Amino acid sequence: MTATSIELWGPFFVALVISAAVTPIAIWAAPKIGAMDIPKDERRVHNKPMPRFGGIAIFAGIMVTLVIFAVEDRDMVCAMTGCTLIYILGLIDDLKNLKPIIKFGGQILCALVVYAMGLRIEFITNYFGVGNMAFGDVACFTITILWLVAITNAVNLIDGLDGLAAGIAAISALCIGYVAYIHGQYVPTMAMMIIAGAALGFLPYNFHPAKIFMGDGGSQLLGFSIAAFSIMGAVKSTTIVVVIIPALVLGLPIFDTAFAIVRRMIKRQPIGRGDKEHLHHRIMRAGFGQKRAVMIMYCISGIMGIVAVLYSRGFMIEYLGLTAVSIMLVYVLLSDTGNRNVSIKASKIGREEKDILDKKTAGRSSGKTAENTTGKNKGRDHDRGKKPE
């Protein structure tokens, strides 16, 4: 099978248009069905209720476009079924605020359905010999479920700033799709183009200042769809696309998720408990603000995408060099503990300057009031025929 530019970019633009068209409807419908994100704790970076129904636009963009363009493929049906189930789970969470353990169990159940329908990681390239290395039933089951659930949560947990999850998902899908394309895997390429189109169609409404959030329905859908479509069909026969490339492209959210788990285990906190120690929170504390923090995360994800492409083409020196650059950037953002102190000092200085300015203003106002009072008294004395003292 070969694919022209129209056959790949056509689905991309259809998904983008559908997602962009449905998003305003979602903004209107969210308050009516109770899909609102109300800031109740310090983890939230917004201070007013926001619609949390944007996942429906991404879901419509992906599913409708797949129905229009998708080839008749068993693995495609499996992936679409799993994506539908994971979106329903996320939508219920957006409406009812499910407990983390229930949500995690639901994710595993969705992955089990996909596995039972036949979409599995059954073998990879054997680097220790000729041919492929097949997994046993236990290994196949474990790796497939772990892969689907891990990538789903990686994208879900990074959805903490306006436009962050949608942008990173789009970057990741485009990079994975490009690698699949240069290796002749056109069906997964089309699927990734559709995911990217749906995410980018929603992004203008979600970028700071956001008009709507995608909610767990959208973030879990993006993560699960990337994970599921990356293991479709012939792609399962190569390590390059099925494991290494998505792991490299999604290296930032995967690392952030792993770091969060370790951090909470060290603090003896529940793994499902949210906090403000994610990488994007740390960048914001450095004083960059939401827009610049998101753009920094985009840049790191873009670098990791280029790393994945270089790896797939065998450019090992370039791949290692850019990987080192990415690691250094993440290290600086995580280890610069002075950022918080600088922010605290800056806020103290700002408060002190404000207090001084307020005192000066109050002093001037008091002086003017005294002058006005004296002037009025002099006027009254003059009217009464008295000499002013």
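Just so you know, these numbers come straight off a predicted model, no measurement behind them.
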Next on the checklist: Would Thr323 and Leu248 count as a side chain to side chain contact (heavy atoms under 4.5 Å, CB included) here? Give the steps.
Outcome noted: CA-CA 9 Å; Thr323 301; Leu248 286 173; 5.6 Å; no
Next on the checklist: Could you walk me through whether Tyr319 and Ile306 satisfy the side chain to side chain contact (heavy atoms under 4.5 Å, CB included) test, starting with their C-alpha distance in whole Å, then the side-chain angles of each, then the deciding distance to 0.1 Å, before giving a yes or no?
Outcome noted: CA-CA 8 Å; Tyr319 148 72; Ile306 296 172; over 6 Å; no
Next on the checklist: Using 0.5 Å steps for rounding, measure from the CD atom of Gln185 to the CE atom of Met232.
Outcome noted: 10.0 Å
Checklist outcome for this item: Separation between CG (Leu252) and CD1 (Ile296), nearest 0.5 Å, reads 11.5 Å
Checklist entry - Got a sec: does the CE of Met295 have more than 12 other heavy atoms crowding it under 6.0 Å? => result no
Checklist outcome for this item: Heavy atoms of Leu203 and Ala166 approach each other most closely as CD1-CB, 3.9 Å
Checklist entry - Within the distance-only criterion (no hydrogens, no angle test), does the side chain of Arg52 pair as donor or acceptor with the backbone N or O of Asp94 below 3.5 angstrom? => result yes
Next on the checklist: Measuring from atom CZ of Phe224 to atom OG of Ser219, what distance do you get when rounded to the nearest 0.5 angstrom?
Outcome noted: 13.5 Å
Checklist entry - Does one hydrophobic cluster hold both Phe69 and Trp9, with members joined at side-chain heavy-atom distances below 4.5 Å? => result yes
Checklist entry - So do the side chains of Leu310 and Glu318 get within less than 4.5 Å of each other, counting heavy atoms only? => result yes
Next on the checklist: I'd like to know whether Val187 forms a side chain to side chain contact (heavy atoms under 4.5 Å, CB included) with Met76, so could you lay out the CA-CA distance, the side-chain angles of the two residues, the decisive distance to 0.1 Å, and finally the verdict.
Outcome noted: CA-CA 9 Å; Val187 175; Met76 180 71 75; 3.7 Å; yes
Next on the checklist: Less than 4.5 Å apart, side chain to side chain, heavy atoms only: is that true for Val309 and Phe315?
Outcome noted: no
Checklist outcome for this item: In this structure, OG of Ser312 is separated from CD1 of Ile182 (nearest 0.5 Å) by 4.0 Å
Next on the checklist: Taking the side chain as everything from C-beta on, heavy atoms only, tell me whether Ile212 gets closer than 4.5 Å to Met50.
Outcome noted: no
Checklist entry - What's the verdict on side chain to side chain contact (heavy atoms under 4.5 Å, CB included) for Met63 and Met80, showing C-alpha distance, side-chain angles and the deciding distance? => result CA-CA 7 Å; Met63 291 298 146; Met80 291 175 68; 4.1 Å; yes
Exercise answer: donor-acceptor pairs, residues 192-201 side-chain atoms, under 3.5 Å, sequence neighbours excluded:
none

Next on the checklist: Contact between Met265 and Val262 at the side-chain level, heavy atoms closer than 4.5 Å - yes or no?
Outcome noted: no
Donor-acceptor pairs under 3.5 angstrom involving side-chain atoms of residues 20-33: please list them, not counting sequence neighbours.
unit_1	atom_1	unit_2	atom_2	d
Thr23	OG1	Ser19	O	2.7

Next on the checklist: Which heavy atom of Ala154 sits nearest to which heavy atom of Thr257, and what is that distance?
Outcome noted: CA-OG1, 3.3 Å
Checklist entry - In terms of the angle between their ring planes, are Phe259 and Phe255 parallel, tilted or perpendicular, with boundaries placed at 30° and 60°? => result parallel
Checklist outcome for this item: What one should report as the nearest heavy-atom pair of Gly305 and Val249 is CA-CG2, 4.1 Å
Item to check | Gln220 side chain vs Asn153 backbone, donor-acceptor pair below 3.5 Å | outcome: no
Checklist entry - Where is the tightest heavy-atom contact between Thr152 and Leu148, given as atom of each residue plus distance? => result OG1-O, 2.6 Å
Item to check | Exam field: side chain Asn156 to backbone Asp216, donor-acceptor pair closer than 3.5 Å | outcome: no
Item to check | Any Met284 side-chain heavy atom under 4.5 Å of Gln290 side chain | outcome: yes
Checklist entry - Relative to Tyr115, does Arg120 satisfy both conditions: NZ or CZ under 6.0 angstrom from the six-membered ring centre, and within 45 degrees of the ring's axis? => result yes
Item to check | Co-membership, hydrophobic cluster, residues Ile101 and Leu157, 4.5 Å side-chain | outcome: no
Checklist entry - Nearest heavy-atom pair of Leu119 and Cys78: which atoms, and what distance? => result CB-CB, 3.9 Å
Checklist entry - Got Thr189 and Leu8 here, is their nearest side-chain heavy-atom distance under 4.5 Å? => result yes
Checklist entry - From Cys110 SG over to Ile86 CD1, what is the distance, rounded to the nearest 0.5 angstrom? => result 4.0 Å
Checklist entry - At what distance, to the nearest 0.5 angstrom, does CE of Met214 lie from CG of Asp37? => result 12.5 Å
Checklist entry - Are Leu112 and Phe229 connected in a single hydrophobic cluster, I mean Ile/Leu/Val/Met/Phe/Trp/Tyr linked by side-chain heavy atoms less than 4.5 Å apart? => result no
Item to check | Atom of Ser326, atom of Met304 and distance for their closest heavy-atom approach | outcome: OG-SD, 3.4 Å
Checklist entry - Is there side-chain contact between Leu89 and Leu85, with at least one heavy-atom pair below 4.5 Å? => result no
Next on the checklist: Test your reading of the model: is there a side-chain donor-acceptor pair from Asn206 to the backbone of Gly163, 3.5 Å cut-off?
Outcome noted: yes
Checklist entry - Applying the 4.5 Å side-chain criterion to the ILVMFWY set and letting contacts propagate, would Ile303 and Ile176 be lumped into a single cluster? => result yes
Checklist entry - Between Ile158 and Met297, is any pair of side-chain heavy atoms under 4.5 Å apart? => result yes
Item to check | Check: Ser230 side chain, Ala227 main-chain N or O, donor-acceptor pair, under 3.5 Å | outcome: yes
Next on the checklist: Between Thr65 (side chain only) and Ile62 (backbone N and O only), is there a donor and an acceptor less than 3.5 Å apart?
Outcome noted: no
Next on the checklist: In this structure, would Leu279 and Ile327 fall into the same cluster of hydrophobic residues linked by side-chain contacts under 4.5 Å?
Outcome noted: no
